[in-house]
Amino acid sequence: MDVSQEEIILTPEGYAKLEQELEELKTVKRKEVAERIKVALSYGDLKENFEYHSAKNDQAFVETRILTIEKMLKNARIAEKSDNSTVQVGSVVVLYDEEFDEKLEYKIVGPSEADVAQQKISYESPVGKALIGKSVGDMVRVEAPMGILTYKLLEIKTGD
């Protein structure tokens, strides 16, 4: 399947965040980069004009990111939480890590929303894949680069 047609699952918050980023890129960043290019052109010789080349690189990045976000939004499906009986995209899970004797809390999100520092893990990650469809009380074993991780699923919350 063509990657540009691949369905992307997002939480409502993730979808809104991409919409905001797209708006910022189209209305603010494009104008900033265009202005930088205009100023750099006034410096003359383009061969050794660092400001011009830097601005053109930034312009390419902005335009590529705009296209990427537009494709993601076009192919996005917003995860609708139906209940808390099983882990789904959008669920917040409380796990017990047996090895380290600690509780962990993660929100299961789409790949573009994942941010481990904010306890948001992708449903495509090893832990995310292992959790999808599980119920409270289930044991979850995850093969990770550091070895086998074992968790007990203590709670499933709505990810509001």
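Quick caveat, the model's predicted, so the values are computed rather than measured.
Counting all heavy atoms, side chain and backbone alike, Ala130 lies closest to Arg141 at CB-O, 4.1 Å. Shown here for Pro111 and Tyr123, the closest heavy-atom pair between the two residues is CD-CE2, 3.4 Å. Closest heavy-atom contact between Leu73 and Glu19: CD1-CG, 4.1 Å. The two residues Leu149 and Ala144 come nearest to each other via the heavy atoms CD1-CB, 3.8 Å. Pro12 and Ile78 make their closest contact through CG-CG2, 3.7 Å (heavy atoms, listed as atom of the first residue, atom of the second, distance). Minimum interatomic distance between Glu51 and Ala40 (heavy atoms only, all atoms of both residues): C-CB, 3.8 Å.
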* Test Glu113 against Ser122 for side chain to side chain contact (heavy atoms under 4.5 Å, CB included), laying out the working first. => CA-CA 7 Å; Glu113 300 171 74; Ser122 169; over 6 Å; no
* In sequence, state the C-alpha distance, the side-chain angles, and the governing distance for Arg77 and Glu7, and then conclude on salt bridge (Lys or Arg N to Asp or Glu O under 4.0 Å). => CA-CA 7 Å; Arg77 179 170 64 83; Glu7 181 180 68; 3.3 Å; yes
* To do: Take Met139 and Tyr151, measure what side chain to side chain contact (heavy atoms under 4.5 Å, CB included) needs, and give me the verdict at the end.
  => CA-CA 6 Å; Met139 295 301 292; Tyr151 303 108; over 6 Å; no
* Would Glu21 and Ile69 count as a side chain to side chain contact (heavy atoms under 4.5 Å, CB included) if you check the C-alpha gap in whole Å, the side-chain angles of each, and the deciding distance to 0.1 Å? -> CA-CA 8 Å; Glu21 182 183 352; Ile69 293 172; 3.4 Å; yes
* To do: Go through the steps to decide whether Ile148 and Val142 satisfy the test side chain to side chain contact (heavy atoms under 4.5 Å, CB included), and finish with yes or no.
  => CA-CA 6 Å; Ile148 303 288; Val142 181; over 6 Å; no
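Side chains of Thr150 and Glu99: a donor-acceptor N/O pair is absent below 3.5 angstrom, by distance only.
A side-chain contact (heavy atoms from CB on, under 4.5 Å) with Leu22 holds for exactly one of Gln20, Glu24, Lys26; it is Lys26.
The NZ atom of Lys31 sits 6.5 Å away from the OG1 atom of Thr27 when rounded to the nearest 0.5 Å. Within the model, atoms NZ of Lys17 and OG1 of Thr11 stand 9.5 Å from one another, a figure rounded to the nearest 0.5 Å. Distance check, rounded to the nearest 0.5 Å: CG of Leu104 to CG of Leu154 gives 9.5 Å.
The side-chain heavy atoms of Ser112 and Leu18, taken from C-beta on, include a pair separated by under 4.5 Å.
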